[in-house]
Amino acid sequence: MIVVGGKNSAAIAALELFWTGARVTLVHRREQLHDNVKYWIRPNIENRIKVGEVRAFFQIDRDAHRA
């Protein structure tokens with residue numbers, strides 16, 4: 001499952017999908033998760049990414065396919 005975004009809703013969606021057994025990839029156009037991700041969500045999603053349980057791609061250009 002691909003989750004697009006880097007704020008609270010995307011982080012929560014990625015975690016909930018992971019917890020239900022989905023293989024999750026988070027895609028975000030910025031260098032990292034948004035600074036305002038809630039303090040109780042951030043460590044959880046960051047740890048899932050760090051250990052490879054949730055794949056993450058940052059700095060993705062959403063218009064790159066339009067040549």
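Index from 1, following the sequence.
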Test of understanding: clusters of I, L, V, M, F, W, Y form through side-chain heavy atoms closer than 4.5 Å, transitively. Do Leu26 and Val4 belong to the same one? no
Taking atom CD of Gln59 and atom CZ of Arg29, what is their separation to the nearest 0.5 Å? 12.0 Å
Rounded to the nearest 0.5 Å, what separation is found between the OG1 atom of Thr25 and the CD1 atom of Ile2? 6.0 Å
Separation between CG of Asn44 and CZ of Phe18, rounded to the nearest 0.5 Å: 8.5 Å
Search all heavy atoms of Ala10 against all heavy atoms of Val3 and return the closest pair with its distance. O-CG1, 3.5 Å
Could you work out, with salt bridge (charged side-chain N to carboxylate O under 4.0 Å, His left out) as the rule, every residue matching Glu16, not counting sequence neighbours? none
Return the set of residues passing side-chain contact (heavy atoms from CB on, under 4.5 Å) with Arg42 (not counting sequence neighbours), or none when no residue passes. Leu33, Val37, Glu46
Roughly how far, to the nearest 0.5 Å, is the CD1 atom of Ile12 from the CD1 atom of Ile45? 10.0 Å
Nearest non-hydrogen partners of Phe58 and Ala56, listed with the distance: CE1-CB, 3.6 Å
Gap between atom CE of Met1 and atom OG1 of Thr20 - 0.5 Å precision: 8.0 Å
Under 3.5 Å, is there a donor-acceptor pair between the side chain of His34 and the main chain of Lys7? no
Same cluster for Phe57 and Val24 if Ile/Leu/Val/Met/Phe/Trp/Tyr side chains link at under 4.5 Å? no
Nearest-0.5 Å distance that lies between atom CD1 in Ile41 and atom CG in Leu15: 7.5 Å
Return the set of residues passing side-chain contact (heavy atoms from CB on, under 4.5 Å) with Gln32 (not counting sequence neighbours), or none when no residue passes. Asp35
